[in-house]
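What you see is a predicted model, and the numbers here were worked out from it, not measured in a lab.
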Amino acid sequence: MRAGPVTGRNSRARVFRAALPCLVLIVLTGTATEAQIVTPDLFSSNRTSQVTSPDSPLRRTAAEANDPLNSPKLQERDRPALSRIGQIPKYGLPAASGAADSGYDSLNRKRKKPKYYPGQAKPKPPVGPGSPPPPIASNTRLRLSIPPSESAHKTPIPPAMAGTVMGQPPRKRLRIDDDPFGAVGDYAGGFLIKSAVELRGGYDTNPARTSVPRGSPFYVIAPEFVAFSDWERHAVVADLRGSFTGYTNTFQPVDGVVSSAPTNIDRPDFIGHVDGRLDVTHDTRLLGQARLRVATDNPGSPNVQAGLSRYPVYATFGGTLGVDQNFNRLQLSAGAEVDRTIYQYSELTDGTSTSNDDRNYNQYGGLGRVSYDLMPGLKPFGEIVGNIRSHDLLVDRSGYQRNSSGGNVRAGTSFELSRMLTGEVAVGWAARTYEDPRLQSLQGLLTSASLVWVATPLTTARFFATTSIDETTVPGVSGVLTHTYTAEVDHDFRRWLTAIGKFTWGTQQYQGDDRFDRSYSLSGDLIYKLNRNIWLKGTLRRDWLDSNQPGNSTASTVMMMGVRLQH
């Protein structure tokens, strides 16, 4: 007999006989089987939670499970810091941490595509793999988008004219014109030339400025010419302005009494100058000016002879040559000037004429100025001026020697405060002595200012102050110390409608005489700008002269309208 198979069968029979009674007992007892309840802690990593009974007092309630104090983040904060012992330190930056959005990336990351605004012009793709995009022409400005109105229904122009050809030198852009109704002008080589003429007519209640007023209609023809260079270095500016005022009425003597006003009071007025600057180096400049002034004595002036048929015309012409030198913030200026004043003969009502050679004189002088750029927008300065006046005749018609010497000293500052308040203001002292011992020395306070205040984009205020020592023919009077102050306000109701209000007051002190005059002028202008070439202008002005001498106070009202033609 073989023992292997028999032994295996006997062992299996014993196991079956033992298990069978156990199954019978389970069935007979009638105990019901129950499935394990699925709880939130069933799949927890904590083994004890899988066997905890639902009725166990140790089981976590819902309130405890939602308690924020049991948050895992708070429990992680209470953990001790990790030990650095045995760890390998890391230095520097990770690979490709400084790679740009475009270009080579060692990690082969995806490049970021640039974002464009809606309607923005997108650059063309590169010619080939690895080729850079075409550069933008240097003479064109970068724009986010092109409005359809600038490209629709427009005649195409050659790229060379548009300035978009690669390698083409950049074209110089024109200066932005702040005045949309200003004169355009024409270019002649490197100069921009602007010209204009004003034609006005009106009525003056007292054009001769006499104590007994007599009015007259009048007309004014006023041409203008301005030319300035448009160069990178050096500069030339020519400013020529003139006018002729004609009156339709004549002022004949009344009852044979000789009048202090001429019979014909027509008079010209011209002022022009040409300024030049030669940039020798960055810090050295040569300056020059040629000037011309043509005018007559002011109506009502004591210098006007009685019994004239017309005002004698005088001309003052001369020039200045100087140099400016910068030493960092320090600027030194010096110059010399020469002027010549001549008068034409006076024509009398009886047909004769008299000479005015005693009023002709030459003036030689020099000036020096030092300024320091203290801070941006503030530049204080000091200035000294001296001159000598030499007359053609040693003795004038009244027997006085009019040759003199004098000058002035002043100190002030130029400033620029946020482009709202700009200008220059100074005070000083002016003095002049005469060769004739009978003529007293003339001296007084000197004030000068030129301020511009941009109160709003539509309103601009200006203030000017000047002081001068003028010649006179009054016997025993050394000269006239004249102070003039002007305040002006411009307001634009629209771009094409501007109102200008101006108030001028001044004083005239006659040295050697008790005469003292005060003058006032109040005017208002309204300008209607049809286009860049045609303006309509209206003016209303009131003038007063208040003198302490009886019979010399006058008043006048001026009304006029006209048109300005400019290009």
Hey, are Ser398 and Asp396 close enough side-chain-wise for a donor-acceptor pair under 3.5 Å? no
Considering only NZ, NE, NH1 and NH2 on the basic side and carboxylate oxygens on the acidic side, decide whether Asp339 and Arg291 come within less than 4.0 Å. yes
If you round to the nearest 0.5 Å, how far is OH of Tyr187 from CG of Leu192? 4.5 Å
If every non-hydrogen atom of Ala499 is compared with every non-hydrogen atom of Phe493, which pair is closest and at what distance? CB-CE1, 3.4 Å
Arg267 bridged to Asp269 by N-O distance under 4.0 Å: no
What is the distance from atom CD of Gln509 to atom CG of Leu442, rounded to the nearest 0.5 Å? 7.5 Å
Judged by atom type as modelled, is there a donor-acceptor pair below 3.5 Å linking the side chain of Ser309 to the main-chain atoms of Glu347? yes
Strictly by modelled atom types, are Thr507 and His483 linked by a side-chain donor-acceptor pair under 3.5 Å? no
Between the side chain of Ser553 and the main-chain N/O of Ser547, is any donor-acceptor distance below 3.5 Å? yes
Does any donor atom in the side chain of Asp283 or Thr281 lie under 3.5 Å from an acceptor atom in the other side chain? no
Shortest non-hydrogen pair, Ile265 vs Ala208, comes out as CD1-N, 4.2 Å
If we ignore angles and hydrogens, is there a donor and acceptor under 3.5 Å between the side chains of Thr459 and His491? yes
Quick check on Met559: does its CE atom have over 12 non-hydrogen neighbours (other residues, nucleotides or ligands) under 6.0 Å away? yes
Can you list the steps and then say if Val489 with Thr460 is a side-chain contact (heavy atoms from CB on, under 4.5 Å)? CA-CA 6 Å; Val489 178; Thr460 303; over 6 Å; no
Rounded at 0.5 Å granularity, tell me how far CD in Gln363 sits from CG in Asn387. 4.0 Å
Just by modelled atom types, is the Ala555 backbone N or O under 3.5 Å from a matching donor or acceptor in the Asp543 side chain? no
CZ (Arg462) and OG (Ser450) are apart, to the nearest 0.5 Å, by 9.5 Å
Exercise: identify the closest heavy-atom pair between Thr472 and Gly479: CG2-CA, 3.9 Å
Could you check if a side-chain atom of Thr539 sits within less than 4.5 angstrom of a side-chain atom of Val558, using non-hydrogen atoms only? no
Electrostatic pair Arg515:Asp513 at N-O distance under 4.0 angstrom: no
Side chains of Leu421 and Trp453, heavy atoms from C-beta outward: is any pair under 4.5 Å? yes
Any Lys/Arg nitrogen of Arg277 or Asp275 sitting under 4.0 Å from an Asp/Glu carboxylate oxygen of the other? no
Looking at Trp496, is Lys529 sitting on its ring face, NZ or CZ under 6.0 Å from the six-membered ring centre and within 45 degrees of the normal? no
Side-chain contact test, heavy atoms from C-beta onward, threshold under 4.5 Å: evaluate it for Leu286 versus Val280 and give yes or no. yes
Candidate list Tyr345, Tyr343, Tyr361, test ring-ring contact (aromatic ring centres under 6.0 Å, His included), partner Tyr314, passing option: Tyr343
For the CZ atom on Arg495, are there more than 12 heavy atoms of other groups (residues, nucleotides or ligands in this structure) within a distance under 6.0 Å? no
Taking every heavy atom of Gly272 against every heavy atom of Leu240, the minimum-distance pair comes out as CA-CD2, 3.7 Å
One thing to verify: whether Asp204 and Arg541 come together as a salt bridge, which I'm taking to mean a side-chain N less than 4.0 angstrom from a carboxylate O. no
Tell me if the CZ atom of Arg233 is crowded by more than 12 foreign heavy atoms within 6.0 Å. yes
Would you tell me whether Thr482 and Asp470 have side-chain atoms, one donor and one acceptor, within less than 3.5 Å of each other? yes
Do Ser519 and Trp544 have side-chain heavy atoms sitting under 4.5 Å apart? no
Using the salt bridge (charged side-chain N to carboxylate O under 4.0 Å, His left out) rule, collect all pairs that involve residues 471-486, keeping only residues at least two apart or in two chains. Arg389-Glu471
How many angstroms lie between CD in Gln440 and OH in Tyr434, if you round to the nearest 0.5 Å? 11.0 Å
Within 6.0 angstrom of Ile388 CD1, more than 12 heavy atoms from elsewhere: no
Can you confirm whether Leu374 sits close enough to Pro380 that some side-chain heavy atom of one is under 4.5 Å from a side-chain heavy atom of the other? yes
May I ask you to check whether Thr341 and Thr316 show a side-chain donor-acceptor distance below 3.5 Å? yes
Establish, yes or no, whether the cationic atom of Arg241 lies under 6.0 Å from the six-membered ring centre of Phe270 and within 45° of the ring axis. no
If you compare all heavy atoms of Ser211 against all heavy atoms of Thr554, which two are closest, and at what distance to 0.1 Å? N-CG2, 4.0 Å
When Ile500, Ile527, Asp525 are each screened for side chain to side chain contact (heavy atoms under 4.5 Å, CB included) with Lys537, the one that passes is Ile527
Return yes if a side-chain donor-acceptor contact under 3.5 Å exists between Asn362 and Ser390, otherwise no. no
Take Trp429 and Leu446 through the test side-chain contact (heavy atoms from CB on, under 4.5 Å) and record every step on the way to the result. CA-CA 5 Å; Trp429 191 259; Leu446 183 151; 5.8 Å; no
Salt-bridge test for Asp373 and Lys379: reply yes if a basic N is under 4.0 Å from a carboxylate O, no otherwise. no
Hey, could you give me each pair passing salt bridge (charged side-chain N to carboxylate O under 4.0 Å, His left out) that has a residue in residues 556-567? Not counting sequence neighbours. Glu198-Arg564, Glu224-Arg564
Do Val274 and Asp239 come within less than 4.5 Å of each other through their side chains, counting heavy atoms only? no
Thr422 versus Glu416, side-chain donor and acceptor atoms under 3.5 Å: no
Pair His391, Asn360: side-chain N/O donor-acceptor within cut-off below 3.5 Å: no
Rounded to the nearest 0.5 Å, how far does CG of Asp492 lie from OG1 of Thr498? 4.0 Å
Side chain proximity check, Tyr247 to Asp266, heavy atoms < 4.5 angstrom: yes
Apply side-chain contact (heavy atoms from CB on, under 4.5 Å) to residues Thr354 and Gln305 and explain how you reach the verdict. CA-CA 10 Å; Thr354 60; Gln305 298 175 250; 3.8 Å; yes
Assess the residue pair Val236 and Trp231 against the criterion (side-chain contact (heavy atoms from CB on, under 4.5 Å)); give the C-alpha distance rounded to whole Å, side-chain angles, the decisive distance to 0.1 Å, and a yes or no. CA-CA 9 Å; Val236 175; Trp231 306 332; 4.0 Å; yes
Do Arg340 and Phe317 meet the cation-pi criteria used here (NZ or CZ under 6.0 Å from the six-membered ring centre, within 45° of the axis)? no
Quick check: do Leu199 and Tyr219 have side-chain heavy atoms less than 4.5 Å from each other? no
Centroid separation Tyr485 to Trp505 less than 6.0 Å: yes
Nearest heavy atoms of Phe228 and Val226, plus distance in Å: CD2-CG1, 4.1 Å
Full working for side chain to side chain donor-acceptor pair (under 3.5 Å) between Ser448 and Arg410: CA-CA 9 Å; Ser448 62; Arg410 63 174 186 153; 2.6 Å; yes
Under 4.0 Å between a side-chain nitrogen and a carboxylate oxygen: does that hold for Asp358 and Arg397? yes
